[in-house]
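First the structure, in the form of structure tokens, and then the observations on it.
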Amino acid sequence: MADASRPAETPRPQQTVPWPGHWSPLGATYSDGATNVALWAPDAEQVEICFFDDADTETRVPLLNRTFDVWHGRFPGVHPGQRYGYRVHGPWDPAQGLRFNPAKLLVDPYARAIDGEFAEGGNNADPAHRDDHDSAPYVPRSVVVDDVGFDWGDDHPPQVPWENTVIYELHVRGYTMRHPDVPEDLRGTYAGLAHPAVLDHLTGLGITSVELLPVHHFVSEPHLLRQGSANYWGYNTLGFFAPHAGYSSTGTSGEQVTEFKTMVKALHAAGLEVILDVVYNHTAEQGAGGPTLCFRGIDNRAYYRLDPDDPGRYSDYTGTGNTFNVSHPHSLRLVMDSLRYWVTEMHVDGFRFDLASALARSMHDVDMLSSFMTVIEQDPVLREVKLIAEPWDVGPGGYQVGEFPHLWTEWNDRFRNTVRDHWRGMAGGVHDLAFRLSGSSDLYADDGRRPYASINFVTAHDGFTLRDLVSYNNKHNDANGEENRDGTDDNRSWNHGAEGIEADADPDIARLRHRQLRNLMTTLLLSTGVPMITAGDEMGRTQHGNNNAYCLDNETTWVDWSLREEFTELSDLVRQLLALRAKHPVFRQRRFFEGRPIVSGGRKDVAWFSPSGHEMGEADWHDTHRRTIGMFLSGDGIRSRGHHGERIVDDSFLLWLHAGADDIQVTLPGRPWARRYDVTIDTAEPAAAAQHPAGATVVLRGRSCLLLRASDDAS
């Protein structure tokens, strides 16, 4: 809600008849002392632009010019920082999908900045009847922005190759709210994320790319406001062009744009890519009973998917009440304009698309040849950045893991589920685990994609943290206000004998949990594909068993940096693993393994071993009780070539993963695999260092990983 207590400093425009201006570009564009406004509203009967001064006094001016369904005008004396909105007149006929209502102040779909909070009020929840209460006191304002003079200096995208990428998913606010080295006035902001202490931590770990939870301007749902909470994650977008104002330390009258750019520039200078988690599949207006804030009041039938048999109903493939209609040419244009804006003007390096299957639907079915997918592939800007799909939605046929086109990578939830099941002893053998460790060729190889199409993850913002995964059998979401009904019940977690992190007081339980944390991280970071770490997992972050903390903006969700001291061993392991990954291309394959030598008489590029030291046979693969597998990665069997066509040669490694409770003896394979093995990582004995001759028998501790460097040198 706008703050009416501020002193009047910005005068209201005196002009009641605007200059004609131009129909393009859409939005508010400042130049030469005047602002051009343009709003696409083909079925509107009249459009008024509403200017607000600092006392929140409104001045309405009709837009008199209309070209190609765009209402436009130019206003001298309207400068950056001016707050505004629209009122759109037209027919109210919900049965036909028409929901015009000039009583509702509307945000500009192309607004570059948004100021103020949404408050419940001014909207009648009865979708069948028009509500004539003025919504202006309850909705945010669009802001005129002019930031073309930002000094990018020598900023350039890091352009990290996919095979070298390590993604770190974080929340802009939650990541720094408890950081002791970030000044209090910068915590929870774009500027806080750009602080040297934060950058040092990220680069010190070996991260290459940060993936930010939604930073498009969002608002909280009415039901959350009623219960006194808020949307914390941000998957409730209102403005596709505007950086979320709540993360700005410098102001919300356009300053958020400059601060966001400054953050990107600092991250780039540290060598870090910036990937945005974007929500184009739905908007904050929810279903028919939700608030009218923008799109619904401008052209409901164009912006949303409506039931063709009953246009008064929304087609909901997202679980939020509405689905954004990217099959409509203008809606698709808005999304594409937004994406290009974030790349060209804000310098971001890629996008993770929330519920991407909803964007790929044509009429009803998911269609990888749909308009959205086709336009992305043809766009000269977007096809050069990182594109990550969350390859599912909640509609029929929405699960599309392995089905996206060549340019796309995907969140691979089959990796998550398999790795979780293995380490809790519920995998039913190691057949599926071998596919996940080696890049999920069963999902991505058949259509010519590469191993890095798989974004491997064990945890994400949605679900348990890594520490909670080994500390809780059940979700504990009571703080969300939904009587623990929300959030998934399919956690594939294990508390190791007692529920909750309080059980860490038992040294035996704590010791086993810490080992399992190391096992999970080792499996993730040594697997072929692109690893994604959830922020704070490397330092034992907990949400106390809450697996759906979307509405908790407090210490439950904020990263607790004091845990670094308790989980130093885990953080050190992550640094060691990522350093190994960066140094050794054998862990960063650009082509799928073939299970055969790359040169005649050489070693197979990948081989799988049973504890006997022999290669896995048919019976081994079908043994549902098997809990142990060895993966040999041959450094002389790398199928991809260097930039100049040269062969890539690396060390070879043998990785054992043992999920059984008891210790087990394994035999180290002899020639041609190696003559000697050096212990590189042992999750049971982190400080261990030893050498073993080929053919030796070594003990794998219960529930542990052992990584050995293979050598042809017997000494």
Side-chain angles (χ1 to χ4, degrees), residues 158-170 196-211 267 269-273 419 437-439 451-452 455-459 466 514-515 517-540 564-565 567-590 631-635 638 640 642 648-657 677-691 704-711:
Q159 293 184 318
V160 180
W162 263 123
E163 66 271 17
N164 298 342
T165 300
V166 179
I167 297 174
Y168 191 83
E169 187 198 40
L170 64 83
V198 176
L199 300 180
D200 288 347
H201 178 76
L202 294 171
T203 56
L205 281 177
I207 303 302
T208 70
S209 312
V210 294
E211 181 176 304
L267 288 164
L272 296 166
E273 293 182 312
V419 171
L437 293 171
S438 58
Y452 47 74
I455 305 296
N456 299 332
F457 66 105
V458 178
T459 65
L466 197 69
H514 279 242
R515 186 186 305 170
L517 292 175
R518 295 193 292 271
N519 291 336
L520 290 161
M521 274 293 188
T522 299
T523 308
L524 171 65
L525 299 182
L526 296 184
S527 292
T528 299
V530 177
M532 184 184 81
I533 301 172
T534 304
D537 274 353
E538 78 281 6
M539 63 181 86
R564 283 182 293 181
E565 297 179 6
F567 289 86
T568 300
E569 198 172 77
L570 179 62
S571 296
D572 289 345
L573 176 65
V574 171
R575 277 187 282 271
Q576 183 183 4
L577 288 166
L578 289 180
L580 269 172
R581 188 179 183 92
K583 182 178 180 181
H584 293 286
V586 75
F587 298 116
R588 298 180 280 107
Q589 301 281 342
R590 286 186 281 144
M631 178 175 67
F632 188 95
L633 299 175
S634 175
I638 297 177
S640 55
I648 300 175
V649 179
D650 193 14
D651 293 337
S652 298
F653 291 88
L654 176 62
L655 174 64
W656 289 101
L657 294 91
Y677 293 90
D678 299 327
V679 173
T680 303
I681 289 173
D682 184 347
T683 61
E685 301 290 343
Q691 292 182 355
S704 69
C705 295
L706 180 65
L707 179 68
L708 304 132
R709 190 190 310 265
S711 173

| message | Once rounded to the nearest 0.5 Å, what's the spacing between atom CG of Leu526 and atom CZ of Phe587? | response |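 Separation between the atoms: 5.0 Å.
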
Can you name the closest pair of heavy atoms from [X] and [Y] and give their distance?
{"X": "Gly540", "Y": "Leu570", "result": "N-CD2, 4.3 Å"}
{"X": "Thr165", "Y": "Val530", "result": "O-CG1, 3.5 Å"}
{"X": "Leu525", "Y": "Pro531", "result": "CD2-CB, 3.7 Å"}
{"X": "Asn456", "Y": "Ser527", "result": "ND2-CB, 4.0 Å"}

| query | Taking 4.0 angstrom as the limit, do Glu569 and Arg518 come out as a salt bridge? | reply |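 Here Glu569 pairs with Arg518 in a salt bridge, since their nearest N and O are under 4.0 Å apart.
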
| said: I need the full list of salt bridge (Lys or Arg N to Asp or Glu O under 4.0 Å) pairs touching residues 576-590, with sequence neighbours left out, sorted by first then second residue. | reply: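 Only Glu163-Arg590 qualify under salt bridge (Lys or Arg N to Asp or Glu O under 4.0 Å).
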
Please identify each residue that fulfils side-chain contact (heavy atoms from CB on, under 4.5 Å) with [X], with sequence neighbours left out.
{"X": "Ser652", "value": "Arg603, Phe632, Ser634, Ala710"}
{"X": "Ala579", "value": "none"}
{"X": "Ser438", "value": "Phe593, Trp608"}

| request: Quick one: list whatever passes ring pair (Phe, Tyr, Trp, His ring centres under 6.0 Å) with Tyr168, sequence neighbours left out. | output: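 With neighbours one apart ignored, the set is Tyr175.
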
| task | Kindly write out the residues that satisfy salt bridge (charged side-chain N to carboxylate O under 4.0 Å, His left out) with Glu273, not counting sequence neighbours, or none if the list is empty. | result |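 Glu273 satisfies salt bridge (charged side-chain N to carboxylate O under 4.0 Å, His left out) with Lys386 once adjacent residues are dropped.
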
| said: Between Thr459 and Asp537, do the side chains contain a donor N or O and an acceptor N or O under 3.5 Å apart? | reply: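 Per modelled atom types, Asp537 and Thr459 side chains form a pair under 3.5 Å.
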
| query | Is the closest side-chain heavy-atom distance between His584 and Phe653 below 4.5 Å? | reply |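 Side chain of His584 against side chain of Phe653, heavy atoms only: contact under 4.5 Å found.
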
